[in-house]
Structures are given as C-alpha cells and as structure tokens.
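As structure tokens, the structure follows; a few thoughts come after it.
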Amino acid sequence: MTTANSNTPTPVIAIHGGAGTITRAAMDAGKEAEYTAALRAVLEAGQRLLASGASAVDAVTEAVRLLEECPLFNAGKGAVLTHAGTYELDAAVMDGATRQAGAVACVKRLRNPVLAARAVMERSEHVLFAGEGAEAFAQAQGLELVEPGYYFTEARHAQWQRARATSGMALLDHDAAALAARGSEEGDPGRKRGSDPIDPDRKFGTVGAVALDSRGRLAAATSTGGVTNKQVGRVGDTPIIGAGCYADDVVAVSTTGTGEMFIRAVAAYDIAARMRYAGATLAGASDAVVHECLPAIGGRGGLVAIDAAGNVVLPFNTEGMYRGHARVGDQVHVAIYRQPA
C-alpha cells in the first residue's frame, strides 16, 4: 500500500494491465522491458494530466485509452478472440463525484470502447449500451469505428488457436489457459514459452485505471477484450458497475480477473461498502475482498484502488499483475511480479 502524507491529497493515478500466472524463470527480458515501458508511459501521461489540473475522469479515460492502443494488453488493439474467431469488447467509466457511470458491452467496431463508455455517461440518460446499439450511439457521438481486423495481432491469434486445439468446448480464460499450458508442457510445438512475464495463456486480460484529482474527486475506468475462446455474447465484470468498475466519494476501484466471480462478489462495490459502512481502511477492505471473498468462490485476479485521502493499493491473488501508480511530483512506480514478503 502507498499512503498519502498530508491532509490535502496530492493527485495520484494507478493502473493495471491484467493479472495471471507468472513465468519469471523463463521470461524474456526484452518483453518484460516492453511491458514496463508501456506501463510507465501510460502513468506518465496520466500524471501530466493530473498535474495540469485535469479531472480524475479525464486522467482515467486517457490512461485506459492508451492501454487500448497498446497491443501488449487485452483491450482495443490486441483484444482476444471469441470461440467464433470474432472480437467482443467491453468498457466502463465512473465519476465518483457524481456517481454517474457509462458502459458498453460486446462491441465489435469501436477503436476505443472507453471513449464510448464515457460518452454514454456524459451524453445519454442510460448507463449501459450493448452490441450494435452501443456502436450506433458511439458513431452518433463522432467516435471512431474500425474494421474487426484492427484488433488483430499474431500473438492473440496464436493464443486462440492453442485454446481451440486443446479443447472442443468454449471455456473461460482460466480453464482454457490451464489446458493450453498443459499442452505446451507435453511438447506442443506451437507454444512459445517464456516470451511474456505473465503467461498469455494463463492471464486475465483487462486494463484499468483509478485516479484522485486536485479537487479531491475520484474516478475509475476499465476495459477488456474478453477472455480467449469465450462464448459469443458472454459479458464479464468489466462493464458491470460495482463489479469491474466503481467510484464514489470514498474510493475508486478497477478490477481484473475471473469476471464471473467478480460479478458474483460485486467486488468493486464491496470495497466501497466495507469502507463506508464498516469503517474499514482501503487496505483492509481490499485485502478482504481479494484474499478472502474472491478465493472462497474460486475468484482469481486483482485490482487497483485509491481512496479519498490518496492512499493507493494494488492487491492480487495471482502470481503476478501488470500494475503501477504515480503521484504528482513523485516518481513513477511500476511492477509485474509479487513483491517478496
């Protein structure tokens, strides 16, 4: 946990780029450097915005947009494929000062789903649009549409092929990942080991950001390309307010992990409720959700959260999580692996 040092919180931003199984022993140092540089660049951009007086909503939207533009992460460019070989993306944004929220689900043609989610929040009377309706709304707001091929990367396509080859069923990410990893250990020549710090076949791919601005306002944003080989139409926790994304005047939370479990646990809101109604600290509430509530129902993953005092937590119950935070006027902190006890 990182703790604010004054009564007037300094603006701060935190991000995540997915959690999952670590492959540190066989990892590629070059690829680790790529991830570290990408996380750092996103945090620096958010830090600059907050330093200029931008709102928390502006900071988290831009941070997530940049993560969507980076093919290293499963959101926007670099999204994973469904069982049918198509793309379905989700995103959400929430303004803690007003508790206004916007989200889109199962979109197939939006370059930046997070921008569409923000447009829903600010320019409609609704909270969640899905599918073609979400795309039509976004297009009417002047947002950029792309052909599905825009999302394509060789790495995600290979990941999808491995998942399909190891199972005839459509599986959630954690199940497909286990089979894919098992196949590679049995000599699957198509599986390249050690290229990514977190095994792409055993990673829960969501990106997100939370921020506290100079006026003491909180915001959160989350975006995802789903899970590899998922059933068409499946929606996880990302666009569900209170599950994958939540912000109020107490805390801002963005999650990553086994989406169904985060929905069942109402994970993001549970942290806020523990703090508001039970007087829990940010660290206490987050640890209880990540290390007790979620594992009790098979939930794996993590989250980033900031409270109104500027305290930051980035807990996870997997072997690693792409993550980092940056306070205005301070250095940027980035990490991938679990820190030594």
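All heavy atoms count here, side chains included; hydrogens, waters and symmetry mates do not.
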Does L314 share a hydrophobic cluster with L218, counting links as ILVMFWY side-chain heavy atoms below 4.5 Å and allowing steps through other members? yes

I'd like to know if V235 and F262 are part of one continuous hydrophobic network [Ile/Leu/Val/Met/Phe/Trp/Tyr, side-chain heavy atoms within less than 4.5 Å]. no

Do H83 and N229 have side-chain atoms, one donor and one acceptor, less than 3.5 Å apart? yes

Look at the side chain of T224 and the backbone N and O of A75, then say whether any donor-acceptor pair between them is shorter than 3.5 Å. no

Distance col, row T10:OG1 vs D213:CG, nearest 0.5 angstrom, shows 12.0 Å

Please check: side-chain N/O of R65 versus main-chain N/O of P113, any donor-acceptor pairing under 3.5 Å? no

Are S286 and P315 side-chain neighbours, meaning at least one heavy-atom pair lies under 4.5 Å? yes

Would you tell me whether Q159 and R156 have side-chain atoms, one donor and one acceptor, within less than 3.5 Å of each other? yes

Test of understanding: clusters of I, L, V, M, F, W, Y form through side-chain heavy atoms closer than 4.5 Å, transitively. Do Y269 and I271 belong to the same one? no

Shortest non-hydrogen pair, S124 vs V120, comes out as OG-O, 2.7 Å

Could you check if a side-chain atom of I13 sits within less than 4.5 angstrom of a side-chain atom of L50, using non-hydrogen atoms only? yes

Nearest non-hydrogen partners of L212 and P9, listed with the distance: CD2-CB, 3.4 Å

Check the pair T61 / L115 against side chain to side chain contact (heavy atoms under 4.5 Å, CB included), numbers first and verdict last. CA-CA 7 Å; T61 302; L115 297 184; 3.7 Å; yes

Given Q141 and R123, is the side chain to side chain contact (heavy atoms under 4.5 Å, CB included) satisfied, shown in steps? CA-CA 8 Å; Q141 306 308 309; R123 306 176 203 169; 3.0 Å; yes

Among R217, R276, R215, which one satisfies salt bridge (Lys or Arg N to Asp or Glu O under 4.0 Å) with D249? R276

Cluster check V266, L303: I/L/V/M/F/W/Y, side chain < 4.5 angstrom: no

Evaluate R118 against D58 for salt bridge (Lys or Arg N to Asp or Glu O under 4.0 Å), listing each step before the verdict. CA-CA 10 Å; R118 182 168 178 176; D58 286 341; 2.8 Å; yes

Which atoms form the tightest heavy-atom contact between A91 and P239, and what is the distance? O-CB, 3.9 Å

For salt bridge (Lys or Arg N to Asp or Glu O under 4.0 Å), just list the numbers for E147 and K108, CA-CA rounded to whole Å, side-chain angles, deciding distance to a tenth of an Å, and then say yes or no. CA-CA 8 Å; E147 293 301 317; K108 304 175 183 179; over 6 Å; no

Please tell me if the side chains of Q47 and V332 come closer than 4.5 Å, counting only heavy atoms from C-beta onward. yes

Give a yes or no answer on whether the side chain of N74 reaches the backbone of V80 with a donor-acceptor pair at less than 3.5 Å. yes

Can you check whether L294's main-chain N or O pairs, donor with acceptor, with R264's side chain at less than 3.5 Å? no

Is any side-chain heavy atom of H333 closer than 4.5 Å to one of Q331? yes

Using modelled atom types and a 3.5 Å cut-off, is there a donor and acceptor pairing between side-chain atoms of T206 and backbone atoms of G18? no

Tell me if a side-chain donor or acceptor on R109 pairs with a main-chain N or O of E132 at a distance below 3.5 Å. no

Which atom pair, heavy atoms only, marks the closest approach of V104 to A134? CG1-CB, 4.0 Å

Do side-chain atoms of D307 reach the backbone of A309 as a donor and acceptor pair under 3.5 angstrom? yes

Which heavy atom in V210 sits nearest to a heavy atom in V304, and how many Å separate them? CG1-O, 3.7 Å

Q139 side-chain N/O to E144 backbone N/O, donor-acceptor pair under 3.5 Å: no

Compute whether any side-chain donor of one residue and acceptor of the other, for T238 and T222, lie under 3.5 angstrom apart. no

Salt bridge check: are E88 and K230 linked by an N-O gap of less than 4.0 Å? yes

Please confirm whether the backbone N or O of A272 pairs with a side-chain atom of R274, one donor and one acceptor, at under 3.5 Å? no

Quick one: are L39 and Y322 in side-chain contact, heavy atoms under 4.5 Å? yes

Distance-only polar pair, side chains of E69 and N112, donor-acceptor under 3.5 Å: yes

Between R99 and D95, does any NZ, NE, NH1 or NH2 come within less than 4.0 Å of an OD or OE carboxylate oxygen? no

Taking side chain to side chain contact (heavy atoms under 4.5 Å, CB included) as the criterion, tell me which of D248, V250, T281 meets it with M275. V250

Taking the six-membered ring where the residue is Trp, are the ring centres of Y35 and F73 under 6.0 Å apart? yes

Taking the six-membered ring for Trp, are the ring centroids of F152 and H157 within less than 6.0 Å of each other? yes

Taking atom types as modelled, is there a side-chain donor on S223 or D90 under 3.5 Å from an acceptor on the other? no

How far apart are the C-alpha atoms of C293 and D270, what are their side-chain angles, what is the distance that settles it, and do they pass the side chain to side chain contact (heavy atoms under 4.5 Å, CB included) test? CA-CA 10 Å; C293 297; D270 192 17; 4.1 Å; yes

Work out which heavy atom in A138 is nearest to a heavy atom in L110; give both atom names and the distance. CB-CD2, 3.6 Å

Any heavy-atom pair between the side chains of V312 and V12 that's under 4.5 Å? yes

Hey, could you give me the CD/OG1 distance between Q161 and T228, rounded to the nearest 0.5 Å? 12.0 Å

Are F316 and R300 close enough that some pair of their side-chain heavy atoms sits under 4.5 Å apart? no

Would you call E62 and R48 a salt bridge, using N to O less than 4.0 angstrom? no

Enter the distance from M121:CE to T98:OG1 here, rounded to the nearest 0.5 Å. 6.5 Å

Would a 4.5 Å heavy-atom cut-off, applied to side chains only, mark H16 and S254 as touching? yes

Establish, for the pair K77 and Y151, whether the NZ or CZ atom is under 6.0 angstrom from the six-membered ring centre and no further than 45 degrees off its axis. no

Is there a continuous path of hydrophobic side-chain contacts, each under 4.5 Å between heavy atoms, that joins V253 to M261? yes

Assess whether side chain to side chain contact (heavy atoms under 4.5 Å, CB included) is satisfied between V334 and R323, documenting all intermediate values. CA-CA 6 Å; V334 173; R323 64 197 187 278; over 6 Å; no

Can any side-chain N or O of T86 pair as donor or acceptor with the backbone N or O of T82 at less than 3.5 Å? no

